[in-house]
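Here is the structure we will look at, set down as structure tokens.
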Amino acid sequence: MSEMFRITLPDGSVREVAPGTTPADIAAAIGPGLAKAAIAARVDGELRDITRSLEGDSNLALVTSRDEADALELARHDYAHVLAEAVQALWPGTQITFGPATDDGFYYDVMAPASREPFSMDDLPAIEEKMREIIRADKPLRREVWSRQALIEKWETEGESFKAEWARELPEGEELTVYWSGSDWLDMCRGPHLASTGKLDPQAFKLMRVAGAYWRGDQRNAQLTRIYGTGWLNKKQLDAHLHKLEEAAKRDHRKLGQEMDLFHLQAEAHGSVFWHPKGYMIWRELEAYMRRAIDGAGYREVKTPQVMDARQWEASGHWGKYRENMFVIPDEVPNVEEEGPLVSNDADWMALKPMNCPAHILIFKQGIKSYRDLPLRLYENGCCHRNEPHGALHGLMRVRQFTQDDAHIFCREDQIVDEVQAFCRLADRIYKDFGFTYSIKLALRPEKRFGTEAMWDQAEAELRDAVVRAGLATQEYGWEELPGEGAFYAPKLEWHLTDAIGRTWQVGTIQSDRVLPERLDATYVGEDGERHRPVMLHRAIFGSYERFIGILIEHFAGRLPAWLAPTQAVVATIVSDADDYAKDAVAQLKAAGIRADSDLRNEKINYKVREHSLAKVPHLLVVGKREAEEGTVAIRTLGVEGQRVIPLAEAIAWLKGEGTPPDLRG
């Protein structure tokens, strides 16, 4: 008799099973309800097919649709495979490459056969229908282990040159698996998968768009078509996601920025923003707000150069780790002759700063610093440049020139936890002033990094301890640790904001860094009279002004709080007889510090109301002959039904309160 395997379930109970037993068998033995609900299994923590045989003593947890993260990952992976199968069924000769799950769906990169043009949006309805046909066929998804040579021969025989290339590069001795869909289609894949295509909901996915993609991400290689889809566990989830996308499209900061005349971007300055007067007014209000916050928190504001010598970036480590993202310029007067090179080959090199930290260390190093001077908190609205690829640029959210609300705190070892706690309190107050909820993550050491393991252990522990002491390392604040996602010089805490439609945005950070002070030789004189290295805390709350403004526009759908609105009130006339009264009302509003304009055009009032609503003006003060005679205004507030008529003086007092920044209110 074969030796039995001991399988330990989450409740601690142990079942002895024969070799060849699958998690599906155990689910069936427990009960028919679980047998129906179980879709996969975690075997010693590894997610596996429900039908894959157990290989020895192990811990087993059965996965159902209630384990939503695992269930969605499996479903989206399966949708990707069904997409590839559908495309090849419709257009034989199509080559397939890879198709992973994504945060909200899946994609697959394919190459159309030579007999037709690359795939387009017009092909998506037919692909969707074929996918539903494959799902309804409830084809078993079956795992097999193949030899490397057998895989290569299969792909070469079938003209799958991309798959054959990849199979040839797989390591010798590695277990290579394929998954069959029924008995007529297979793909090379590690898995896991659901038991059959019928486990997918045929109404819970939608193909969204197509895009160009290069094989293996290299523009020197063949161009493929990437077909994107979104996939969910049921139609209700899909509908909710599509509604969210519709709402996001309405809130798109690029569209609203144009409608509200806030900013524009153009090819003459790729990735840099042209701020219009109204958009820059938002910027100025944010800048003033942040200055009040940092002044109150004991920071000292500085300003540092845009361009620094390459030797400084070499010393800091950025030249070796970050050079591909830097704009580099020669340090010489260019040749202005018509012929010949503009720049010689022996010029020294300089770079536009991609970050402010090395310059802040240079300020710290001016003069002798004592332990009594610490903590020293240096703040800068620092303009930085990063050489992002053109294709990665996205409105205000990803730019090449941006301004950080950047600060660096130079402190002693014994001050770190207190300083991080203080920053947590400051960030909490600021995010709440803007109406955001947030979660906190700890990004841990990446593979490429400076510093010793002991240094990283200590830095990570300090950040973790500060959050614990602040009471924020809880489920309520979404506390999570993210392996491998720290900067090359330091771990970091990240603040992820949740906006009005449930999207998350990573904005604020604080990093505990011992590497740069060492590399750039920053020291202070300790109580013992000896030289010591300060610890450098890198921190930001907005992240960048550009991106934070983009987030605010989308969060509020353009309806910014009155204190941030470029124009807080417009006085609009019904008849020309009220023009003088309207002008006087605007003068009084401006005298009270309210950003106000008048609309005296010879247009119907409904037209004016609609136009200023589209411009997202918070308050419209309508005046006619009667209001002029009585010294009143009819206030219409954006998003509020109806209007109220009150004396002008009362309206001014109310609008002044509405337009006061949250940190200045009583």
Side-chain angles (χ1 to χ4, degrees), residues 251 253 256-263 275-292 430 433-435 500 545 548-574 578-579 581-601 603 605 607-623 627 631-666:
R251 294 167 178 262
H253 72 281
L256 291 172
Q258 184 174 4
E259 290 176 359
M260 297 169 69
D261 191 25
L262 303 180
F263 66 89
W275 289 101
H276 299 187
K278 290 182 179 179
Y280 200 58
M281 181 57 71
I282 300 172
W283 181 298
R284 288 176 56 188
E285 285 295 322
L286 288 175
E287 199 170 49
Y289 171 92
M290 185 55 75
R291 281 202 169 98
R292 292 191 298 271
I430 288 173
D433 276 349
F434 289 92
Y545 280 83
F548 196 72
I549 290 172
I551 292 168
L552 287 174
I553 291 169
E554 298 201 0
H555 176 60
F556 291 109
R559 298 179 177 185
L560 295 167
W563 73 276
L564 277 177
T567 303
Q568 295 171 320
V570 169
V571 181
T573 55
I574 300 173
D579 285 0
Y581 177 62
K583 292 175 185 176
D584 180 61
V586 169
Q588 291 187 54
L589 287 162
K590 288 182 175 179
I594 298 163
R595 296 188 290 275
D597 286 327
S598 61
D599 187 345
L600 311 180
R601 294 174 299 166
E603 298 285 357
I605 191 61
Y607 176 85
K608 295 181 181 181
V609 169
R610 184 167 58 254
E611 192 170 74
H612 294 300
S613 295
L614 286 173
K616 305 297 188 289
V617 175
H619 305 291
L620 189 64
L621 281 55
V622 178
V623 297
E627 285 78 14
T632 60
V633 293
I635 298 182
R636 292 171 177 254
T637 297
L638 188 64
V640 177
E641 291 290 330
Q643 64 181 31
R644 56 196 179 102
V645 179
I646 60 174
L648 175 59
E650 186 180 329
I652 291 172
W654 180 74
L655 289 170
K656 189 171 182 178
E658 285 286 294
T660 300
D663 61 313
L664 297 180
R665 293 173 190 162

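Position 1 is the first residue of the sequence, and the numbers go up from there.
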Is there side-chain contact between [X] and [Y], with heavy atoms separated by less than 4.5 Å?
X	Y	result
Val586	Asp597	no
Met260	Lys278	no
Lys583	Leu600	yes
Arg292	Pro661	yes
Val622	Ile574	yes
Lys608	Thr573	yes
Val623	Leu648	no
Ile282	Tyr545	no

Output the distance between atom [atom1] ([X]) and atom [atom2] ([Y]), rounded to the nearest 0.5 Å.
X	Y	atom1	atom2	value
Asp579	Asp599	CG	CG	10.0 Å
Asp663	Met290	CG	CE	10.0 Å
Ile594	Thr567	CD1	OG1	12.5 Å
Gln588	Leu655	CD	CG	12.0 Å
Glu259	Lys616	CD	NZ	5.5 Å

Worksheet item: Is the CD atom of Glu603 crowded by more than 12 outside heavy atoms at less than 6.0 Å?
Response: yes

Discussion item. If you count every heavy atom of other residues, nucleotides or ligands that lies below 6.0 Å from Arg284 atom CZ, does the total exceed 12?
Written reply: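 No, the 6.0 Å shell around CZ holds no more than 12 heavy atoms from other groups.
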
Worksheet item: After noting the C-alpha distance and the side-chain angles of Leu262 and Ile549, does the key distance pass the side chain to side chain contact (heavy atoms under 4.5 Å, CB included) rule?
Response: CA-CA 10 Å; Leu262 303 180; Ile549 290 172; 5.9 Å; no

Worksheet item: Between Val617 and Leu638, does a side chain to side chain contact (heavy atoms under 4.5 Å, CB included) hold up when you go through it step by step?
Response: CA-CA 7 Å; Val617 175; Leu638 188 64; over 6 Å; no

Practice prompt. Can you see which heavy atom on Leu564 is nearest to which on Arg595, and at what distance?
Written response: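 Minimum heavy-atom separation between Leu564 and Arg595: C-NH2, 3.8 Å.
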
Worksheet entry | Atom of Ala562, atom of Pro618 and distance for their closest heavy-atom approach | CA-CG, 4.2 Å

Discussion item. Tell me if a side-chain donor or acceptor on Gln643 pairs with a main-chain N or O of Arg636 at a distance below 3.5 Å.
Written reply: no

Worksheet item: Is the backbone of Thr632 close enough, under 3.5 Å, to the side chain of Tyr581 for a donor and an acceptor to pair up by distance?
Response: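 Such a contact is found between Tyr581 side chain and Thr632 backbone.
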
Worksheet entry | ring pair (Phe, Tyr, Trp, His ring centres under 6.0 Å) contacts in which one or both residues fall within residues 644-666, not counting sequence neighbours | His619-Trp654

Practice prompt. Measure the acute angle between the ring planes of Trp563 and Phe434, then classify it against the limits of 30° and 60° as parallel, tilted or perpendicular.
Written response: tilted

For residues 552-560, tabulate all N or O donor-acceptor pairs below 3.5 Å that involve a side-chain atom, not counting sequence neighbours.
{"residue": "Glu554", "atom": "OE1", "partner": "Arg503", "partner atom": "NH1", "Å": "2.9"}
{"residue": "Glu554", "atom": "OE1", "partner": "Arg503", "partner atom": "NH2", "Å": "3.1"}
{"residue": "Glu554", "atom": "OE2", "partner": "His253", "partner atom": "N", "Å": "2.9"}
{"residue": "Glu554", "atom": "OE2", "partner": "His253", "partner atom": "ND1", "Å": "2.9"}
{"residue": "His555", "atom": "ND1", "partner": "Ala500", "partner atom": "N", "Å": "2.9"}

Worksheet item: What do the steps show when you test Glu285 against Tyr289 for side-chain hydrogen bond (donor to acceptor under 3.5 Å, both in side chains), and what is the final call?
Response: CA-CA 6 Å; Glu285 285 295 322; Tyr289 171 92; over 6 Å; no

Worksheet item: Does Arg644 pair with Glu650 as a salt bridge, N-O distance under 4.0 Å?
Response: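 Looking at Arg644 and Glu650, the cut-off is not met.
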
